[in-house]
> 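Provided herewith is a single structure, encoded as structure tokens, for subsequent inquiry.
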Amino acid sequence: MEKHTLSILVDNHAGVLVRVASLFSRRGFNIDSLAVGTTQDEHLSRITVITSCDQRELDQLVSQLEKLVCVQTIQVLPPSKSVSRELLLIKVAVDKTQRGELMSTASAFNARVLDVTKNSLTFELTGDTPKITALMSLLADYGILESMRTGVVALERDTNTIYNTI
């Protein structure tokens, strides 16, 4: 099964997320990642969903989503034609002998220091899923005290993109 990113533009009303998520559940599709937020239009929200399925199942899922009254548009975003990111907040145990090494490791990933205490450092990292996973793997050796990852957010690239920074 292949992972697919769906960008679903929906009406910004109470209960819309439940309707969309229920459709996935009723049809037996797992949601690997979910992010929801308002758009530049206060009447619309964008739901970004990562799900694993084959092409036939994807076509069926899109067809079912299109039938929901609250859904305005659906895009299946191929990685080559979209930009996606997720956010990681991670608190790592540290003693004074490890502090410099830990900050150097995080800096290599362009992670920002958000909080410093005597026994911990908290970092913020925004990036693609492999980058987030790689940093978490490296920081695990220090002792992860807490972590939180957002769902993936994604937008379609402009067809006239001349230069991208990623």
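The basis for the numbers below is simple: all heavy atoms, side chains too, and nothing from hydrogens, waters or symmetry mates. All of these numbers come straight from a predicted model, not from anything done at the bench.
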> Should V83 and L87 be counted in the same cluster of Ile, Leu, Val, Met, Phe, Trp and Tyr side chains packed under 4.5 Å apart?
no

> Would you mind reporting whether L155 and L77 have side-chain heavy atoms less than 4.5 Å apart?
no

> What is the distance from atom CG of D115 to atom OG of S120, rounded to the nearest 0.5 Å?
6.0 Å

> Only pairs at least two apart or in different chains count here, so list each salt bridge (charged side-chain N to carboxylate O under 4.0 Å, His left out) that has a residue in residues 141-155.
E86-R149, K91-E146

> Looking at residues at least two apart in the chain, or sitting in another chain, which of them share a salt bridge (Lys or Arg N to Asp or Glu O under 4.0 Å) with E101?
none

> Residues two or more places apart in sequence or in another chain: which of them pass side-chain hydrogen bond (donor to acceptor under 3.5 Å, both in side chains) with E156?
Q75

> Would you call L68 and V20 a side-chain contact if the rule is heavy atoms closer than 4.5 Å?
yes

> Using 0.5 Å steps for rounding, measure from the CG atom of N30 to the OG1 atom of T51.
6.5 Å

> Could you list the residues that satisfy side-chain contact (heavy atoms from CB on, under 4.5 Å) with T73, not counting sequence neighbours?
L9

> Dump the intermediate steps for side chain to side chain contact (heavy atoms under 4.5 Å, CB included) on L44 and T38, then the final yes or no.
CA-CA 6 Å; L44 297 174; T38 56; over 6 Å; no

> Just wondering, are more than 12 heavy atoms of other shown residues or ligands nearer than 6.0 Å to CZ in R99?
yes

> To the nearest 0.5 Å, what is the distance between CD1 on I8 and CG on L6?
5.0 Å

> I'd like to check the side-chain contact (heavy atoms from CB on, under 4.5 Å) partners of P78; sequence neighbours left out, ordered by chain and number.
S80, K81

> Given a cutoff of under 4.5 Å between side-chain heavy atoms of I, L, V, M, F, W and Y, with clusters grown through shared members, what are the other residues clustered with V152?
I50

> Could you list all the salt bridge (charged side-chain N to carboxylate O under 4.0 Å, His left out) pairs where at least one residue sits in residues 4-30, not counting sequence neighbours?
none

> Could you tell me which residues satisfy side-chain contact (heavy atoms from CB on, under 4.5 Å) with K118, sequence neighbours excluded, listed by chain and number?
none

> Starting from V153, can I reach I31 by hopping between I/L/V/M/F/W/Y residues whose side chains sit under 4.5 Å apart?
no

> CZ/F29 to CG/L61 distance, rounded to the nearest 0.5 angstrom?
5.0 Å

> Does any N or O in the side chain of T48 come within less than 3.5 Å of the main-chain N or O of S7, such that one atom is a donor and the other an acceptor?
no

> Quick check: closest heavy atoms across G151 and S33, and the distance to 0.1 Å?
CA-OG, 3.2 Å

> Could I get the full list of side-chain contact (heavy atoms from CB on, under 4.5 Å) partners for N119, not counting sequence neighbours?
none

> Could you give all pairs that pass the salt bridge (charged side-chain N to carboxylate O under 4.0 Å, His left out) test and reach residues 28-39, with sequence neighbours left out?
K3-D32

> Report the hydrophobic cluster partners of Y142, with the cluster defined as I, L, V, M, F, W, Y residues connected by side-chain heavy atoms closer than 4.5 angstrom, directly or transitively.
L88, I90, V92, V94, L102, M103, F109, V113, V116, L121, F123, L125, I132, L135, M136, L138, L139, I144

> Look at the side chain of S107 and the backbone N and O of N110, then say whether any donor-acceptor pair between them is shorter than 3.5 Å.
no

> Please, which pairs that meet salt bridge (charged side-chain N to carboxylate O under 4.0 Å, His left out) have at least one residue in residues 42-66, sequence neighbours excluded?
none

> Quick check for you: to the nearest 0.5 Å, what is the distance between N12 atom CG and C70 atom SG?
11.0 Å

> Is there a donor-acceptor contact under 3.5 Å linking the side chains of S25 and S22?
no

> Taking the side chain from T133 and the backbone from T129, do they hold a donor-acceptor pair closer than 3.5 Å?
yes

> Under 3.5 Å, is there a donor-acceptor pair between the T39 and D41 side chains?
no

> Mind checking whether T5 and V76 have side chains closer than 4.5 Å, heavy atoms only?
no

> Could you tell me whether a side-chain N or O of H4 sits under 3.5 Å from a main-chain N or O of S52, the two making a donor and an acceptor?
no

